[in-house]
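Read the structure below first, then the notes.
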Amino acid sequence: MNKGERWIPALGLCLAILLGCQPAAPPAPGGQEEDRAMNLETSDFGTAPGGQAVMLYSLTNAHGLRARIMTYGAIVVSLEVPDRDGDMADIVLGYDDLAGYVADNPYFGAIVGRYGNRIAGARFTLDGREYRLAANNGPNHLHGGLRGFDKVVWSAEPVRRSDAVGVKMAYTSPDGEEGYPGTLTAHVTYLLTNHDELKILYEATTDKPTVVNLTHHSYFNLLGQGRGDILGHELQILADRFTPVDDTLIPTGERRAVAGTPFDFRTHVAIGARIGAENRQLAFGGGYDHNWILDNQDGDLALAARLFEPTTGRMMEVLTTEPGLQFYSGNFLDGSITGKDGAVYIHRSGFCLETQHYPDSPNQPEFPSVVLRPGETYTQTTVYRFSAR
Ligand code: GLA
């Protein structure tokens with residue numbers, strides 16, 4: 001190779017770095033796939049109702065997995081992962097464009113806050129003072145209220161690491177927003193790693209005592225979105241107990257053993273195997289819509305659940321630092337939503353695994369605390385890890 005020929009690839013590499021591409025990562029474990037360069041691209045995704053521009057971050061890892069995440073609601077718009085033959089499918093429910101999310105979104109792909117899940121009677125007392133919230137779910141408050149974190153535009157910056165590409169989102173919720181005390185400054189970082197993980201790192205601080213419980217609300221279908229129901233997926237949840245609820249889905253305070261009930265997912269069971277069983281708790285939820293008390297309660301990142309879809313071989317593991325996991329089997333989907341690529345979201349065509357503190361914790365002092373005080377930092381980490389077999 002003469003001097004001139006050596007310059008051409010060197011120039012190419014400089015250009016790639018300038019354009020935001022990264023050099024190829026080390027080979028995949030097992031070496032079954034050829035690695036490509038990671039990629040991070042941004043594009044416009046429209047204008048939110050308040051007039052703010054919405055950006056879309058498209059993240060691709062070294063194995064070709066791709067996540068598209070937008071700044072409206074910090075929503076995961078699509079997530080493409082391979083099956084056992086290497087065929088890619090988008091495994092999260094959603095809409096083709098921003099208008100779909102703005103018009104009618106049952107929290108598809110969103111970051112939920114300030115409080116994921118329900119607060120009984122839409123009120124709570126903290127340090128002797130009562131705070132009233134919007135009752136947007138029967139008598140209760142759900143998922144942060146009328147305009148929760150799923151409906152605001154986050155600011156964002158790209159993240160490039162040696163083994164991941166990502167986007168760091170920030171939102172400052174003013175004191176009193178949706179009835180919650182304190183200015184809450186929240187950061188959520190999504191990373192798509194070369195270990196085929198979508199990793200979500202959360203952080204929040206406040207200037208007054210408040211409550212916080214952030215979570216992620218993707219509806220997954222490992223067959224591919226729009227390809228039928230999720231009842232054949234096999235689920236394992238590493239939990240001996242769950243929190244039974246009343247008929248408005250507020251925990252009664254009991255920590256009930258799963259043994260001998262349709263809530264026992266300690267070994268893999270098809271989601272549909274017992275969902276129609278005669279059971280008061282299943283009747284209240286219209287299926288599964290409950291919080292499991294994870295075996296791991298020490299705040300370290302640990303395996304919480306595993307999903308396996310037998311026809312495609314796709315597998316998803318969920319790891320979290322949180323003490324609870326809301327498993328929602330898409331019971332409110334009824335075919336009335338047409339989502340991406342014309343897909344009709346039939347009953348139970350997606351499920352959520354929301355890592356969180358327990359529902360109604362602000363009113364249940366015996367549950368792990370969700371109180372955040374000035375000077376403290378709320379953190380949580382959740383990993384959705386993909387593979388196929
Ligand atoms: C959560 C709740 C469900 C439902 C969905 C959104 O999972 O627990 O009851 O509200 O969000 O439809």
Side-chain angles (χ1 to χ4, degrees), residues 73-76 92-95 100-101 103-120 122 133-151 178 200 213-221 225 229-230 233 235 237 239 242-252 263 265 271 275 281-294 304-305 307 318 320 322 324-337 339 345-364 367 370 382 384:
I75 286 173
V76 174
V92 293
L93 278 53
Y95 297 96
Y101 289 95
D104 173 29
N105 182 19
Y107 308 96
F108 287 157
I111 292 298
V112 173
R114 297 186 185 191
Y115 198 91
N117 216 297
R118 294 175 177 78
I119 298 178
L133 311 166
N136 58 336
N137 188 246
N140 304 320
H141 177 80
L142 176 69
H143 290 339
L146 301 176
R147 188 167 172 271
F149 287 8
D150 58 302
K151 293 182 186 68
E178 290 294 325
I200 313 177
N213 188 32
L214 306 180
T215 192
H216 178 69
H217 209 292
S218 272
Y219 287 62
F220 297 96
N221 185 330
Q225 65 91 26
D229 68 48
I230 47 80
H233 286 54
L235 171 63
I237 304 179
F242 75 111
T243 52
V245 289
D246 67 15
D247 61 355
T248 71
L249 300 186
I250 295 295
T252 59
F263 294 81
F265 284 98
I271 292 173
I275 202 166
Q281 285 299 314
L282 286 173
F284 288 158
Y288 296 106
D289 195 354
H290 296 77
N291 168 64
W292 271 253
I293 298 177
L294 293 170
L307 255 302
V318 183
T320 190
E322 287 297 284
L325 179 73
Q326 182 86 7
F327 165 45
Y328 168 59
S329 51
N331 312 310
F332 296 124
L333 298 174
D334 60 4
S336 60
I337 294 177
Y345 296 142
I346 60 168
H347 194 215
R348 298 177 177 152
S349 56
F351 63 87
C352 303
L353 289 172
E354 303 155 53
T355 56
Q356 54 168 27
H357 274 56
Y358 313 160
D360 196 35
S361 294
N363 293 309
Q364 307 217 19
F367 285 173
V370 290
T382 293
Y384 297 96

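Atoms within a ligand are numbered from 1 in the order they appear, just like the ligands themselves.
For the residue pair Glu354 and Asn117, no side-chain donor N or O sits within less than 3.5 Å of a side-chain acceptor on the partner. With 3.5 Å as the limit, one finds a donor-acceptor pair spanning the side chains of Asp360 and Asn363.
Atoms of ligand 1 found under 4.0 Å from any heavy atom of Tyr219 (numbered from 1 in listed order, with element): 6 (C), 12 (O). Residue Tyr107 has at least one heavy-atom neighbour below 4.0 Å for each of these atoms of ligand 1: 6 (C). Residue contact check: His143 has heavy atoms under 4.0 Å from atoms 1 (C), 2 (C), 11 (O) of ligand 1. Contact atoms of ligand 1 toward Leu142: 10 (O) (distance under 4.0 Å to a heavy atom of the residue). Listed by number with element, the atoms of ligand 1 under 4.0 angstrom from any heavy atom of Glu354 are 1 (C), 7 (O).
Of all protein heavy atoms, the one closest to atom 2 (C) of ligand 1 is Asp289 OD1, 3.5 Å.
Ring geometry, Phe351 versus Phe220: the interplanar angle falls from 30° to 60°, so the pair is classed tilted.
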Can Thr355 and His216 be said to form a side chain to side chain contact (heavy atoms under 4.5 Å, CB included), step by step?
CA-CA 7 Å; Thr355 56; His216 178 69; 6.0 Å; no
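Tested against Thr382, the residues Thr320, Leu353, Leu325 include a single side chain to side chain contact (heavy atoms under 4.5 Å, CB included) partner, Thr320.
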